[in-house]
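Each ligand, and each atom within it, is numbered from 1 in the order the structure gives.
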Amino acid sequence: MNRCRVLLLNAALGPLDYRVPAGMEVAPGSIVLAPLGPRQMTGVVWEPERLEAESVGDNRLRPLLQAYDLPPLAESLRRLIEWTADYYLAPLASVLRMALASASALEGGRTVTEYRATGFVPERLTPQRAQALERIGERQGLVRELAIAASVSDGVIRGLVKAGAIEAVEVSVDDPFPLPDPDHGPPELELAQGAAAQVFVEAVRAAEFAPFLLDGVTGSGKTEVYFEAVAEALRLGRQTLVLLPEIALTEPFLKRFAARFGHDQVAWHSGLRQSQRRRAWRAIASGDARVVVGARSSLFLPYPRLGLIVVDEAHETSFKQEEGVPYHARDVAVMRAKLERIPIILASATPAIESRQMAEIGVYKEVKLPERYGVAELPEIEALDLTADPPPRGRWLAPRLVRELEETLERGEQALLFLNRRGYAPLTLCRHCGHRFQCPNCTAWMVEHRLVRRLACHHCGHMMPPPQACPECGEEGTLVPVGPGVERIADEVAALFPDARTAVVTSDTIWSPAKAAEFVGRMEAGEIDIVVGTQLVTKGYHFPNLTLVGVVDADLGLQGGDLRAGERTFQQIAQVAGRAGRGERPGRVLVQTHEPSAAVIEALVSGDSESFYAAETRSRREAAMPPFGRLAGIVISSEDLGEATEAAKSIGRAAPRVDNMAVFGPAPAPLAMLRGRHRQRLLVHAARSVDMQDVIRDWLGKLSWPRGVRVTVDVDPYSFL
Ligand code: ADP
Ligand code: ZN
């Protein structure tokens, strides 16, 4: 009797045993199709000794339906999936799903029928059809994908196919990706760059676990340097994974990659069409895709010959996933490198305290690039005291910053204004009665977005048209915007410099890699004079003619007082400052603040980041905060306030007493309501010596709560809302 244990893609189910029918061969890692009641479900064969399952007699086992003709998931990946599920207290199936991220890729190579506009416009167009054609533009995809992009029904798209305005295209999902050439366009490295590259090249050759912290100032050539390691992996026929913090960065990155290696490579992110995702997955699993550039989810893909991982902008907190399995891609990447026995490079100009500490104690090897490439110098940073030199009433740019903008424009150079706030104004208020517009589903203000004429909640996406009259007192014309968002700054710029060409860069305007590429193109062609942007513009970009950066409100990130507020503010301003003066002309950075003597601002102005980090690290150590202690957040939510409060109380009462561990709360979360659910929060704080996950597993495992209650655990939290 041949039986096997299968981990199915269903988080509610434990592993199940199946019979392997005669003639079918499976081994741990094999991807299979199994019967489940009347349905079928994909799963992966697992070592039975590593997963407990209900014991079922041989005679009651159902046979597997199919073993896919795909390489089995490697042992290293199976161990990574187990480690991730264990560390983040997540169901194994939810982690496995990230490895098998394209269901359709499991089916053999086929062609897929996609659709695109022909350019022919039928004579009589319904408004729906007109809207569809306009929004589809150059897009290509499945009927469903086009319908979603155009916000119309599938029927409208099918109608347009019949009318000849949209045509079918056959797309092969097994077209090979071109092989990058490691010697296509290597740069001539400077001395320090060459030495750093050599260290990485040797580590790739050695093919052993070796974590590196590449700590180099903005513009020092970190990318050029780790490209040498990528080149070596290519020569050895091994795969490389480059993780980027933001999908908007993938297109510009691929362009740069193509200039160095002759061809661009495989991108992996949530914006891929189904056929692209399928093609990428198959090429990755077969080993044909040599270099993959991706968002955090690319970390779990089944690379058979991984030789190197790079985490670029490794300090970015967007590597922390907040939905689904709440994992930190930087940390899981290090674990993957360890299990694969390969080097990993964490590249950053402003490494996280967690990473610095690992370098400090010798776990990571630190490689430094202290100077900018070529003649470029680091920009001078200056604080503008808003109390001493305030902007005129109703304006946000101080006179000094306005003068500098003017001079920059006169010299034909580009400027960037940074404000980490989307929309026009973060709050709308009735001047007459004081009514504030709040989201009906969340503890949050409705943010005015003037470009699309809506008030929007940034937490749940709830939208409403801006009302004419106050819903509270009924007065008309009394609603006023309070505070600035990027759109309001752009208005101010337009009023000050009517001839300047401005661009607002936020996730509202740059919502796809293609949009990002378009923005980069316009910047490079000199078609934009002033960029007004959120954190989206702080990282990665290289615009040689950008010489002035203005930080509109440096105090913004310091409010709220979360554990990393100071560190994050430092990183954000240092990164955005790093966009200035990357070419031959020097850059200047003006930081508007009400507190020029705050430690963060002084560190930025003096350039003495070391003592700032030392002070931050010391206070974390004294408070036993990460990385010197451990944290976990537990959020209990329900649509019913009483139910949420009760459940939170009973979980709190059951908290175990463990040495060197404390449980705080429950208390209403700062975001006390989110998407219509009331939220209570507990915070677990433990010494590093405590197996915190084990304690929490035991604790919550013994309890039950009503069906409407959801309990989520966030290990190593980055958000404290
Ligand atoms: P970082 O990643 O550290 O911010 P980059 O790798 O983006 O730095 O380098 C900044 C700019 O300098 C890029 O345009 C890059 O191509 C260029 N550059 C860096 N090193 C070299 C080199 N050795 N030869 C030619 N150009 C270089
Ligand atoms: Zn909301």
Counting backbone and side-chain atoms alike, is an N, O or S atom of [X] positioned under 2.8 Å from the Zn ion (ligand 2)?
X: Cys460; result: yes
X: Cys457; result: yes
X: His458; result: no

Inset, instruction - Can you sort out which atoms of ligand 1 are near Glu188, meaning under 4.0 Å from one of its heavy atoms? - result: 22 (C), 23 (N), 24 (N)

Inset, instruction - Output the list of atoms in ligand 1 that are nearer than 4.0 Å to some heavy atom of Val217, sorted by atom number. - result: 3 (O)

Legend entry - SB check Glu382 Arg588 (cutoff 4.0 Å): yes

Legend entry - Side chain Thr538, main chain Gln572, donor-acceptor under 3.5 Å: no

Legend entry - Face-on cation placement of Arg579 at Phe543 ring, 6.0 Å and 45° thresholds: no

Inset, instruction - Assess Arg296 against Phe319: is NZ or CZ under 6.0 Å from the centre of the six-membered ring, and within 45 degrees of the ring's axis? - result: no

Inset, instruction - Please lay out, stage by stage, how His449 and Arg454 fare under the test side-chain hydrogen bond (donor to acceptor under 3.5 Å, both in side chains). - result: CA-CA 5 Å; His449 286 250; Arg454 289 281 182 284; over 6 Å; no

Inset, instruction - Select one of side chain, backbone, both or neither to describe which atoms of His542 lie under 4.0 Å from any atom of ligand 1, heavy atoms only. - result: side chain

Legend entry - Part of Arg372 with heavy atoms under 4.0 Å of ligand 1, whether side chain, backbone, both or neither: neither

